[in-house]
Amino acid sequence: EEREQILLTLEMSLKDMDFYDEQGKPYIVAVGLGGAESHNDIIGHREFMRHVRALGFKVDIHSGEGGDCALHRKTLDEINPDRVAHGFSGFSEGFYFSKNIVMCPLSNLLLGTFKGRPEEHPVFELLKTGAPFAVGSDDPLLLGHTLSQEFAFMFAVAGALDKDSFMQIQKNTQQRVLAPEICDRV
């Protein structure tokens, strides 16, 4: 099974010195769950991520982008991720993953996963309320856009995204990165 092969590869990698940088920090710090959000095998995903955590890795999932709020909530309850990308499907019901969310509004619009008008994207509500979130570019190779373009999009649509808001989002992003020591090395 694919999950067993991934776990075996991760276990072997942990024993390989090439897996670590010169400070002894691993190059891989998290395992992600992406793809279509049917999550038909949520129990299998949960057990797989339990093993991933036991190896010392963090869990990063895409959720709340293509499924409804109930599926998004169930996924978060079952997997208990360290970080969630997207998560906007719960906003209409007052639910979002406040622990560590990465919003990708331009990507959501380009992929057609967010169906509203650009100014209706939940990232702008988060911005208004001051709720902490990070901004990501999600699929730069697929969509050909950058993190800078995500921010440019937010500036163009929100109008209220001033320097202070931008700096707060940057601070939030650094606080929510899964490998904070990387920020010191970049």
Side-chain angles (χ1 to χ4, degrees), residues 1-37 39 41-66 72 75-88 96-108 110-111 113 123 132-154 166-186:
E1 183 178 303
E2 184 180 5
R3 291 180 192 144
E4 290 171 8
Q5 291 174 351
I6 292 169
L7 289 172
L8 181 60
T9 301
L10 290 171
E11 288 172 6
M12 290 172 29
S13 297
L14 289 170
K15 297 173 187 170
D16 184 346
M17 291 311 294
D18 289 337
F19 183 74
Y20 301 91
D21 67 15
E22 55 279 349
Q23 285 93 27
K25 304 284 186 187
Y27 286 113
I28 300 172
V29 297
V31 173
L33 174 62
E37 289 184 39
H39 297 223
D41 187 17
I42 195 74
I43 301 303
H45 292 321
R46 182 187 68 201
E47 291 307 305
F48 171 72
M49 292 304 185
R50 186 179 61 77
H51 291 294
V52 164
R53 285 186 194 283
L55 291 172
F57 294 97
K58 295 179 182 178
V59 173
D60 182 26
I61 66 171
H62 279 213
S63 182
E65 181 185 26
H72 178 48
T75 301
L76 298 182
D77 288 344
E78 291 290 337
I79 296 179
N80 188 29
D82 296 291
R83 182 173 67 186
V84 170
H86 309 294
F88 62 78
Y96 85 103
F97 186 71
S98 61
K99 185 166 85 173
N100 191 348
I101 188 167
V102 179
M103 301 298 286
C104 311
L106 180 58
S107 171
N108 300 148
L110 291 172
L111 289 170
T113 56
V123 73
F133 66 94
V135 173
S137 57
D138 190 34
D139 295 312
L141 295 177
L142 175 68
L143 300 173
H145 76 292
T146 65
L147 185 58
S148 296
Q149 289 170 315
E150 287 279 354
F151 278 105
F153 166 78
M154 291 175 64
F166 176 78
M167 295 306 290
Q168 185 59 51
I169 294 169
Q170 289 299 336
K171 181 179 176 186
N172 292 340
T173 301
Q174 287 182 345
Q175 290 171 342
R176 284 159 178 72
V177 70
L178 294 178
E181 64 277 0
I182 290 175
C183 292
D184 296 332
R185 289 187 274 163
V186 177

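Just the heavy atoms: all of them, side chains too, but no hydrogens, waters or symmetry mates, feed the values below. Throughout, numbering of the chain's residues begins at 1 and tracks the sequence.
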Any side-chain to backbone donor/acceptor pair from [X] onto [Y]? Under 3.5 Å, distance only.
{"X": "E47", "Y": "G44", "value": "no"}
{"X": "Y96", "Y": "I101", "value": "no"}
{"X": "H72", "Y": "G64", "value": "yes"}

**Request:** Check V135 against T173 and note the closest heavy-atom contact, atom names and distance.
**Result:** N-OG1, 3.7 Å
**Item:** Heavy-atom pair with the smallest gap, counting every atom of Q149 and T146
**Value:** OE1-N, 2.8 Å
**Complete:** In N100, I61, V59, the residue satisfying side chain to side chain contact (heavy atoms under 4.5 Å, CB included) with R83 is N100
**Request:** Check side-chain contact (heavy atoms from CB on, under 4.5 Å) between E1 and all other residues, then give those that pass, not counting sequence neighbours.
**Result:** R3, E4
Interatomic spacing from [atom1] in [X] to [atom2] in [Y] - rounded to 0.5 Å:
{"X": "E150", "Y": "D138", "atom1": "CD", "atom2": "CG", "result": "7.5 Å"}
{"X": "I79", "Y": "S63", "atom1": "CD1", "atom2": "OG", "result": "7.5 Å"}
{"X": "E2", "Y": "L7", "atom1": "CD", "atom2": "CG", "result": "10.5 Å"}
{"X": "N108", "Y": "T113", "atom1": "CG", "atom2": "OG1", "result": "4.0 Å"}
{"X": "R50", "Y": "E78", "atom1": "CZ", "atom2": "CD", "result": "13.0 Å"}
{"X": "L143", "Y": "S107", "atom1": "CG", "atom2": "OG", "result": "5.0 Å"}

Do the non-hydrogen side-chain atoms of [X] and [Y] ever get within less than 4.5 Å of each other?
{"X": "T75", "Y": "H62", "value": "no"}
{"X": "V102", "Y": "C104", "value": "yes"}
{"X": "I28", "Y": "S13", "value": "no"}
{"X": "F57", "Y": "V29", "value": "no"}
{"X": "F151", "Y": "I169", "value": "yes"}

**Prompt:** Are L14 and Y20 close enough, and set up right, to give a side chain to side chain contact (heavy atoms under 4.5 Å, CB included), and what steps lead you there?
**Reply:** CA-CA 8 Å; L14 289 170; Y20 301 91; 3.6 Å; yes
**Item:** Worked check of side chain to side chain contact (heavy atoms under 4.5 Å, CB included) between L10 and I6
**Value:** CA-CA 6 Å; L10 290 171; I6 292 169; 4.0 Å; yes
**Message:** With a sphere of 6.0 Å drawn around NZ of K171, does it hold more than 12 non-hydrogen atoms of other residues, nucleotides or ligands?
**Reply:** no
**Listed partners of R53 passing salt bridge (charged side-chain N to carboxylate O under 4.0 Å, His left out), at least two apart** = D82
**Prompt:** Given M103 and F88, is the side chain to side chain contact (heavy atoms under 4.5 Å, CB included) satisfied, shown in steps?
**Reply:** CA-CA 8 Å; M103 301 298 286; F88 62 78; 4.3 Å; yes
